Every structure is written in C-alpha cells, then in structure tokens.
Amino acid sequence: PPETFILEKNKPFSTNIWFKSHSTGGILLSKELQSGNYTGYALNIDTNKLSFFAYANGLSDGFNVISSTTLNVDNTTWYNYGLTYDGNNTLTSYNIYLNGNFNKNGGFVFSGDITSSAQPMLGNRDQANSTGNNFGGEIACVQIYNRALSSTEVLHNYNALKGRFA
C-alpha cells in the first residue's frame, strides 16, 4: 500500500505519473516532512521543469534537486512524468523521463537518511496551510515500483496508456 512506500538512498524505485497542469508549478507526489527533521522527497513541476527534490537529516545533509529541461506546460495537454532511481546513491542514479523519452539524469550523494514518516500525498506536501505547493491541474494513473525500471519499461508504460490521454 502507498502508506508503506519508503524511499531511502539504498533502495531502487520508479514512479510514473500522468498529469495535466494549469500552472507552471506544483507538487505531483510527495512524502516529506516540512518541519522538524525535514526529510523526504517530492516530484513536482518547478517553473515549467519536471523536478525531483530530496531532503536529508533536517537539511544538514542537503537539499537537492534534479530538474529536467524546460517544459512549456500547455493546460490542454496530458504529460507523463517518469522517474527512476537505481539505489546506488551516485551523481547519475536518477533518470527523468517525459512522455516515455529520457530527458535528464543526475543525482546527489547523501550520507544521511531521507526516509520520511510523512504520509505520501498527491498534489501537495505534508505541511499545514501549504497552499503555495498545491498542484493546479489533474493527476491520473500514478504508478510506484520498488525497483528501477529500464528505459524500455518506462517507454512501454507510456505507450500502454497514452491512448487514454491523447
């Protein structure tokens, strides 16, 4: 179940999210605490870029982000955001995919813990009155895997569902 979904620096995972945005920013999926220990992560749109944010050890071990190339959000178009992580905690461990195609890779090395006790959330984060992070749009077909999907699998997931959103 989603409430047991844990992201840690040594565990691979993948996500796949279909969305239609009516703004240039907002959180699609998060599991992060925004007070106290500040740990967790968020997949979001940040100024027309697909981004992955991660926080570790109350920010003492870093606040890091990987961003895609610029995406000109069209509020009439559905997009597919794929993110894979191989579990190796290296500078190239994360891959961002847009509509089934590789867009950007990157990473960061954490020495600390990024596991969060927050509940997973769609469209926002675990923060009281966090309206500035609300996702303005529609989210559909969220998939979470406990392994890093291959680029072929990411493309297959996109192709399998794109007919619903064309």
Side-chain angles (χ1 to χ4, degrees), residues 1-19 21 23-69 71 73 79-98 102-137 139-149 151 153-154 157:
E3 59 274 1
T4 62
F5 174 59
I6 296 173
L7 168 62
E8 185 47 83
K9 64 183 180 219
N10 62 348
K11 296 181 180 177
F13 77 96
S14 298
T15 62
N16 187 48
I17 301 173
W18 283 91
F19 70 92
S21 182
S23 67
T24 60
I27 293 179
L28 295 166
L29 171 68
S30 72
K31 190 173 185 330
E32 61 180 327
L33 291 174
Q34 286 292 294
S35 61
N37 197 21
Y38 285 95
T39 57
Y41 56 89
L43 288 80
N44 68 320
I45 301 172
D46 184 33
T47 318
N48 277 331
K49 293 183 179 184
L50 300 177
S51 299
F52 175 71
F53 286 83
Y55 309 83
N57 289 345
L59 301 179
S60 65
D61 194 27
F63 159 77
N64 292 282
V65 62
I66 302 167
S67 293
S68 71
T69 57
L71 165 69
V73 174
Y79 298 94
N80 179 256
Y81 176 2
L83 177 75
T84 64
Y85 172 61
D86 64 16
N88 291 324
N89 194 31
T90 69
L91 295 176
T92 59
S93 290
Y94 297 88
N95 292 305
I96 292 176
Y97 295 84
L98 176 62
F102 174 78
N103 185 278
K104 175 104 183 224
N105 79 337
F108 22 83
V109 178
F110 283 122
S111 60
D113 186 13
I114 60 174
T115 300
S116 172
S117 62
Q119 293 297 312
M121 295 185 73
L122 288 174
N124 207 332
R125 63 167 47 122
D126 178 39
Q127 181 179 7
N129 302 314
S130 182
T131 57
N133 299 302
N134 287 340
F135 177 71
I139 299 173
C141 297
V142 176
Q143 298 165 303
I144 301 171
Y145 299 85
N146 63 358
R147 63 185 181 86
L149 296 180
S151 59
E153 291 171 311
V154 171
N157 282 350

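The first residue in the sequence is number 1, and the count goes up from there. Treat the numbers as computed from the prediction; the structure is a model and nothing was measured.
By the 4.5 Å heavy-atom criterion applied to side chains, N95 and L83 are not counted as neighbours. The shortest side-chain heavy-atom distance between L98 and N80 does not fall under the 4.5 Å cut-off. The side-chain heavy atoms of N146 and F13, taken from C-beta on, include no pair separated by under 4.5 Å. Proximity of S21 to F135: side-chain heavy atoms (C-beta onward) are separated by under 4.5 Å at one or more points.
Listed by chain and residue number, Y145 satisfy the side-chain hydrogen bond (donor to acceptor under 3.5 Å, both in side chains) test with N157 (two or more places apart in sequence, or in another chain).
For S30 (side chain) and Y41 (main-chain N/O), no donor-acceptor pair under 3.5 Å exists by modelled atom type. With hydrogens and angles disregarded, a donor-acceptor distance shorter than 3.5 Å links the side chain of S14 to the backbone of R147.
Note that CG of N105 and OH of Y94 are 12.5 Å apart. Values are rounded to the nearest 0.5 Å. How far CG of N16 is from CG of L149: 8.0 Å, rounded to the nearest 0.5 Å. Between the CG atom in L28 and the CG atom in L122 there is a gap of 8.5 Å [rounded to 0.5 Å]. Here the CD1 atom belonging to I17 is positioned 9.5 Å from the CG atom belonging to L50, to the nearest 0.5 angstrom. Distance check, rounded to the nearest 0.5 Å: CH2 of W18 to CD of Q143 gives 10.0 Å. Atom OG1 of T15 and atom OH of Y85 lie 14.0 Å apart (nearest 0.5 Å).
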Report task. Go through the steps for Y97 and Y81 under the test ring pair (Phe, Tyr, Trp, His ring centres under 6.0 Å), then give the verdict. Result -> CA-CA 6 Å; Y97 295 84; Y81 176 2; 9.8 Å; no
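Between the side chains of S93 and N88, no donor N or O sits under 3.5 Å from an acceptor N or O.
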